[in-house]
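See below for the structure under consideration.
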2 protein chains.
Amino acid sequence: MDTLEPLKLTKGTPGEICPIEKTIDVIGTKWTFLILRDLLIDGTLRFSDLLKSMEGISPKTLSLRLKQLEEQGLIERMVYPEVPPRVEYTITDKGKQLESIFIELKRFGLTLP
Amino acid sequence: MDTLEPLKLTKGTPGEICPIEKTIDVIGTKWTFLILRDLLIDGTLRFSDLLKSMEGISPKTLSLRLKQLEEQGLIERMVYPEVPPRVEYTITDKGKQLESIFIELKRFGLTLP
DNA sequence: CTGTATCCAATCAGATACTG
DNA sequence: CAGTATCTGATTGGATACAG
């Protein structure tokens, strides 16, 4: 679809899933949003960086969400065979396409009290 | 904030909440997204319209989400004292400001398989 | 028609301890 | 450091019946 063409909102037509719904199914939980936000900003982060960056997330939850995002091809996991171990998570090109969504999320957030 | 100025993504600075996080806290559940999508498209809808439009939602869940959205000022509830009763939900001006987020959600969804 | 009341299932998430 | 294991609690959501 041409990005210059004004995009109208639509619901799904019978037999196909609404594209908005598809996106929500991919990125639609609180921590998923915040992990993607951090990686969109920083590009690459280690597990411990993400853990520190997001106030309140537990290592279990972070691990689960990272796996999910990796399966969806939005982030990439790189293991460096060092001691102590180092694992880096990087946003993929597909993940970078989410940036305009986050720009709009921020724009709206700035209008909130 | 000037909408012409290019917006950079940021995390929250100490002492203030990240605007992206604020937005997620307001609209960040599956059904909330889909209710807002429907009302952004149609402007005004009745309870039963929404129930029919969203495959799978139960009246209980719909009722809860509508109340939440009304409290946040994103939609407005209008009761017509008729028999049988008629209740219409309308997107507010504040709710309309979410449209650009949904445009981007759709744009990304169109790239998904 | 527009909800609410119940009851129950599933998902998500927090705390903490522990392993390679 | 980078997770996993375990246990527990909170939130979300579905089914159904029913009330105003």
Separation of D/dT12 atom C1' from B/Leu64 atom CG, nearest Å, is 9 Å

Separation of D/dA2 atom C1' from A/Leu45 atom CG, nearest Å, is 15 Å

With the side chain defined as heavy atoms from C-beta on, A/Pro59 is closest, among D/dG3, C/dA13, C/dG3, to D/dG3

Go through the steps to decide whether A/Leu69 and A/Tyr89 satisfy the test side chain to side chain contact (heavy atoms under 4.5 Å, CB included), and finish with yes or no. CA-CA 10 Å; A/Leu69 289 171; A/Tyr89 294 89; over 6 Å; no

Requested in this report: Indicate whether OP1 or OP2 belonging to C/dG3 is found under 4.0 Å from a side-chain N or O atom of B/Arg86.
Outcome: no

Out of D/dG3, D/dG20, C/dA13, minimum distance to the side chain of A/Thr61 belongs to C/dA13

task: Using only heavy-atom distances, determine whether the side chains of B/Glu76 and B/Thr92 contain a donor-acceptor pair under 3.5 Å.
output: no

OP1 or OP2 of C/dT4 less than 4.0 angstrom from a side-chain nitrogen or oxygen of B/Lys67, does that happen here? yes

Side chains of B/Lys106 and A/Thr10, donor plus acceptor under 3.5 Å: yes

note: A/Gln68, atom CD; C/dC12, atom P; distance rounded to Å ~ 7 Å

Side-chain contact check for B/Arg65: nearest option of C/dG3, D/dG14, D/dT12 is D/dT12

| Test: B/Asp25 and B/Lys22 ion pair at under 4.0 Å | no

Checking D/dG3, C/dG14, C/dG3 against the side chain of A/Trp31 (C-beta onward), the nearest is C/dG14

Between CE of A/Met78 and C1' of D/dC1 the distance, given in whole Å, is 17 Å

* Taking OP1 and OP2 of D/dC1, is either one under 4.0 Å from a side-chain nitrogen or oxygen of A/Arg46? -> no

Here the distance between atom P of C/dA15 and atom CG of A/Leu62, to the nearest Å, is 14 Å

Return no unless some side-chain N or O of A/Tyr89 is found under 4.0 Å from OP1 or OP2 of D/dC1.
no

- Below 4.0 Å: OP1/OP2 of D/dT4 and any side-chain N or O of A/Ser63: yes

Assign each of A/Val87 and B/Lys30 the nucleotide of DNA chain D bearing its closest heavy atom; nearer the 5' end lies the nucleotide of A/Val87

B/Glu55 CD to D/dA15 P, in whole Å, measures 10 Å

When rounded to whole Å, the NZ to C1' distance for the pair B/Lys60 and D/dA15 reads 10 Å

### Query
Does the side chain to side chain contact (heavy atoms under 4.5 Å, CB included) test come out yes or no for A/Leu36 and A/Ile101, once each step is laid out?
CA-CA 11 Å; A/Leu36 287 168; A/Ile101 296 174; over 6 Å; no

Sugar-phosphate, base or nothing in reach of B/Tyr80, heavy atoms under 4.0 Å: nothing

| message | Can you confirm whether B/Glu82 is buried at CD, in the sense that more than 12 heavy atoms of other residues, nucleotides or ligands lie under 6.0 Å from that atom? | response | yes

From CG of B/Leu34 across to P of D/dT12 the rounded distance in Å is 15 Å

Hey, does the side chain of B/Ser48 come within less than 4.0 Å of C/dT2's phosphate (OP1/OP2), counting only N and O?
-> yes

Ranking D/dG13, D/dG20, D/dG3 by distance to the side chain of A/Arg77, first place goes to D/dG3

